[in-house]
Amino acid sequence: MADLSTTLEALNPAQRAAVLHATGPLLVLAGAGSGKTRVVTLRMARLIRDGVEPGHILALTFTNKAAAEMRARCLALVDGGETGGTPVVSTFHAFGARFLRAHAARLGRTEAFTLFDDDDQVALLKRAFVSLGLGERASEARGVREVIDASKNAGRTPSPTELPPEVLAAGGARIAEVYETLLARANAFDFGDLILRPAELLDADPALAARVRSRYPWVLVDEFQDTNAAQMAWLRALAPPETCPNLCVVGDDDQSIYGWRGADVDNILGFARHWPGATIVRLEQNYRSTGHILDAANAVVAHNRARLGKSLFTVDGPGEALEVRDFPSPREEARWIATRISALCRDDGLAPSDVAVLLRTNALSLDLEEALRASRIPAVMLRGRSFYERAEVRDALAWLRLVVNPDDDVAFRRAVGAPPRGVGETTLDRLAAAASSAGCSLSALSAGRGLPAVKGPAAEGLRDFLSRLEAARLELSAGATPERVALHLLEPLHQRLRGEATRRAGGEDARARLENVERLVAALHAFRRERPGATLGDWLESVRLISDADDLETAGGAVSILTVHAAKGLEFPVCFVVGLEEGSFPHRRGEGTDGDVEEERRLFYVAMTRARRRLVLTFCRERRTFAEVRRAPPSRFLAELPSACLAPHVEPVRSEPPRARFGRTLPRPDDALFRDETYDDHGGGVEPGFRPGASVWHGELGQGRIVALGRGANAATATVEFPSVGRRAIVLRFLSLYEDSGGHWED
DNA sequence: CACACCCTACTTTTT
DNA sequence: GTAGGGTGTG
């Protein structure tokens with residue numbers, strides 16, 4: 001703590017203002033790379049130094065990673081601190097879960113409630129459709145899930161009018177209502193409930209809200225631009241505007257990229273309106289990127305209208321200019337990037353782990369992974385949550401969930417078939433019908449009045465299933481460790497997977513499945529080593545609330561390939577942003593409204609500001625979406641880049657014909673060409689110079705001569721005679737005119 | 001209950 | 001174009 005004041009002196013004026021701000025609402029507009037975490041943790045440490053009880057500070061984040069970092073850095077600052085107690089640093093969802101455990105009874109749950117993820121929700125919705133007599137309606141269930149989620153994000157219970165028309169047409173108007181009933185019967189909450197239900201409780205019970213307020217007079221919110229309406233309702237209860245609360249929110253309106261998930265950028269745009277008298281501090285000095293990168297990012301995001309306005313600067317130099325490259329196809333793009341990364345590693349002393357390739361969508365990774373593999377460049381696609389989504393892992397988790405919460409019918413249905421034990425759809429339907437009319441869960445039915453109408457092998461299997469679970473519960477209450485109980489409980493599943501793994505037919509997949517289940521138990525063990533005394537329920541909750549992305553960053557030694565969403569908050573010395581075409585980035589889905597395009601632009605801004613020293617932007621003249629190949633105009637965002645930041649355009653490296661002259665000039669983003677008909681698809685228009693007899697160059701097939709011209713289904717084509725492969729029909733835009741030195745190539 | 005085949009659907013995804 | 005799910009059959 002002694003060096004806190006020295007640290008404060010090292011801050012820039014804006015940072016210091018944020019750290020020293022005394023009381024009342026504060027909005028810290030923290031630009032990318034502006035030292036936000038430093039400011040936030042120093043502010044907490046400063047409050048503690050100035051006498052605020054550490055336990056009176058509540059800091060809310062969106063990811064466990066952010067929470068852990070904030071906690072660790074704050075503790076390091078106040079280390080040796082006189083008073084005991086630490087600030088409460090938690091994710092919104094973990095805090096909500098804790099709150100609901102304390103008040104479960106008021107919502108018809110017990111403290112053993114299960115947390116349902118998206119897949120559980122869909123599974124439960126299928127049951128809800130069945131209980132309405134409509135069959136499972138698997139495809140509709142997903143749409144309904146989205147409606148339920150969206151309305152909970154918006155801070156309310158879903159109304160029938162919002163349901164997809166096909167659901168209403170099928171007579172499913174009550175689906176959301178039934179879903180809630182079944183959710184309560186399963187003693188479960190979904191993710192949306194973790195925010196919505198506490199907000200409702202706080203609204204309905206002013207005394208409760210007052211208690212929470214006095215417990216946490218200092219509230220801090222990270223990534224405020226990503227809050228939704230339900231979270232805003234929380235904050236209004238925790239820090240009512242009329243009380244001039246000590247609410248400090250930190251965020252960047254230009255990095256609001258979760259609108260499609262319910263985040264409302266208006267929360268941050270209107271903060272000073274919602275909390276009158278708020279102080280606003282802008283952190284605009286950037287400590288991450290070079291000048292050209294920042295200038296370019298500023299210029300792009302300046303095209304947005306819905307923003308508070310902010311301009312990043314650095315005291316360092318301009319650095320390398322941005323490179324913009326275009327390619328005939330994604331494969332060329334990917335190969336060039338592989339070549340470029342090799343060169344950077346060879347000539348500039350970079351390690352592959354210094355490089356990231358950023359994508360708008362996961363689907364764009366295929367060509368890249370392949371090209372990098374072919375070039376023997378270590379690379380990993382960083383995608384979240386994959387481990388806990390595997391079937392065998394979900395099977396194992398279902399068993400464990402059921403131990404903690406017997407009423408979890410979604411887990412019941414899953415676990416009872418893993419491995420199969422003769423309890424099939426028919427048996428389950430029969431049980432479910434009885435349970436439904438008794439208004440109880442499957443387990444409660446089985447335990448309560450025996451197993452009605454189940455005979456033969458099914459009855460045998462069911463008895464075995466239930467007794468295994470009961471044995472596990474007894475072991476636990478007798479003091480056995482959760483990991484030991486898990487080993488016993490998962491033995492049948494484990495044995496089954498072992499059998500598959502040793503059989504020849506099973507192969508590698510089966511072995512991986514086996515290892516995944518073992519990894520899961522190991523994870524439980526590790527969790528309990530870190531937190532002695534933690535219960536099985538604690539671990540299950542953490543598994544639900546911790547995403548793979550939290551400990552994903554470890555790309556150790558490899559090039560990272562990741563979506564821009566996944567890259568938020570990360571930084572790399574070198575970034576490639578690929579697929580910058582209209583339809584891909586901005587994504588086609590965002591074409592509808594201005595707001596959507598602005599969010600796409602913010603996404604591009606996030607992508608650009610990940611780069612520290614070098615930024616390369618690439619696009620293709622055409623892009624394959626599903627089965628069809630579409631001609632793709634360059635992204636409008638490229639045209640927003642100031643040419644002063646751009647390296648002189650260089651022709652693509654690959655596929656250049658010897659002594660080539662291209663039929664079309666490759667556009668520079670700020671060229672007039674960029675916006676004109678160059679990329680319009682006329683369908684059959686024959687482009688000048690392409691005529692029978694002309695010498696042409698094809699990127700892969702090499703030199704050839706046009707025999708005839710025609711039009712294909714979507715584009716003009718040419719029949720070309722290649723010395724290597726004979727006659728081929730080639731779409732015209734794949735060809736470049738090839739000027740040979742007078743003679744005929746046949747010679 | 002396992003396997004095969006067919007049909008459909010398909011952005012992003014902090015928790 | 002492909003993967004995953006749902007249906008139908010052995």
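All values below were derived from every heavy atom in this structure, side-chain atoms included, with hydrogens, water molecules and symmetry-related copies excluded. Numbers restart at 1 for each chain; the letters A, B, ... are given by sequence-line order, proteins then strands.
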[X] side-chain proximity, nearest of [options]:
X: Thr361(A); options: dT12(B), dT14(B), dA2(B); result: dT12(B)
X: Thr63(A); options: dT14(B), dT13(B), dA2(B); result: dT14(B)
X: Thr563(A); options: dT14(B), dG6(C), dT12(B); result: dT12(B)
X: Arg496(A); options: dT12(B), dA2(B), dT11(B); result: dA2(B)
X: His587(A); options: dT11(B), dT14(B), dA2(B); result: dT11(B)
X: Asn362(A); options: dT13(B), dA2(B), dT14(B); result: dT13(B)

Exercise for the section: Could you give the distance separating dG5(C) and dT12(B) at their P atoms, to the nearest angstrom? Expected result: 16 Å

Practice task
Determine, for Phe189(A) and Arg109(A), whether the Lys NZ or Arg CZ falls below 6.0 Å from the six-membered ring centre while staying within 45 degrees of the axis.
Solution key: yes

Exercise for the section: Kindly confirm or rule out a cation-pi arrangement of Arg101(A) over Phe113(A), judged by NZ or CZ under 6.0 Å from the six-membered ring centre and within 45° of its axis? Expected result: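 So Arg101(A) does make the cation-pi contact.
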
Check the interface with nucleotides 4-9 of chain B: list each N/O to N/O pair with the protein under 3.5 Å, or write none.
none

Could you check how far [atom1] of [X] sits from [atom2] of [N], rounded to whole Å?
X: Leu358(A); N: dT11(B); atom1: CG; atom2: C1'; result: 16 Å
X: Asn267(A); N: dT14(B); atom1: CG; atom2: C1'; result: 16 Å
X: Leu562(A); N: dT13(B); atom1: CG; atom2: P; result: 9 Å
X: Glu370(A); N: dT2(C); atom1: CD; atom2: P; result: 11 Å
X: Leu366(A); N: dC10(B); atom1: CG; atom2: P; result: 17 Å
X: Glu140(A); N: dG6(C); atom1: CD; atom2: C1'; result: 13 Å
X: Asp149(A); N: dT11(B); atom1: CG; atom2: P; result: 18 Å
X: Arg414(A); N: dG5(C); atom1: CZ; atom2: C1'; result: 13 Å

Exercise for the section: Look at Lys126(A) and dG5(C) and indicate whether a side-chain polar atom (N or O) is within less than 4.0 Å of OP1 or OP2. Expected result: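 Checking dG5(C) against Lys126(A), no side-chain N or O comes under 4.0 Å of OP1 or OP2.
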
Exercise for the section: Mark yes or no for a side-chain to base donor-acceptor pair under 3.5 Å between Arg360(A) and dT12(B), with no hydrogen or angle criteria applied. Expected result: yes

Problem - Counterpart residues, side-chain hydrogen bond (donor to acceptor under 3.5 Å, both in side chains), relative to Asp408(A) (two or more places apart) - result: Thr114(A), Arg401(A)

Aromatic contact between [X] and [Y], with the criterion being ring centroids under 6.0 Å apart: yes or no?
X: Phe92(A); Y: Phe62(A); value: yes
X: Phe604(A); Y: Phe585(A); value: yes
X: Phe412(A); Y: Trp399(A); value: no

What is the nucleic acid contact for [X], judged by heavy atoms within less than 4.0 Å: base, sugar-phosphate only, or nothing?
X: Tyr258(A); value: base
X: Lys152(A); value: nothing
X: Asp226(A); value: base

Handout entry: Test item: side-chain donor near acceptor, Arg601(A) and Asn304(A), under 3.5 Å
Key = yes

Practice task
State whether a side-chain donor-acceptor pair under 3.5 Å links Glu581(A) with Ser635(A).
Solution key: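 Side-chain D/A pair, Glu581(A) to Ser635(A): absent.
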
Practice task
Identify, between His93(A) and Ile257(A), the residue whose nearest nucleotide on DNA chain B lies closer to the 5' end.
Solution key: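 That would be Ile257(A).
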
Problem - Residue whose closest nucleotide on DNA chain B lies nearer the 5' end, Leu603(A) versus Thr91(A) - result: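 The residue closer to the strand's 5' end, by nearest nucleotide, is Leu603(A).
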
Handout entry: dT12(B) pyrimidine/purine six-ring stacking with Trp260(A), under 5.5 Å and 30°
Key =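 Per 5.5 Å and 30° rule: yes, stacked.
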
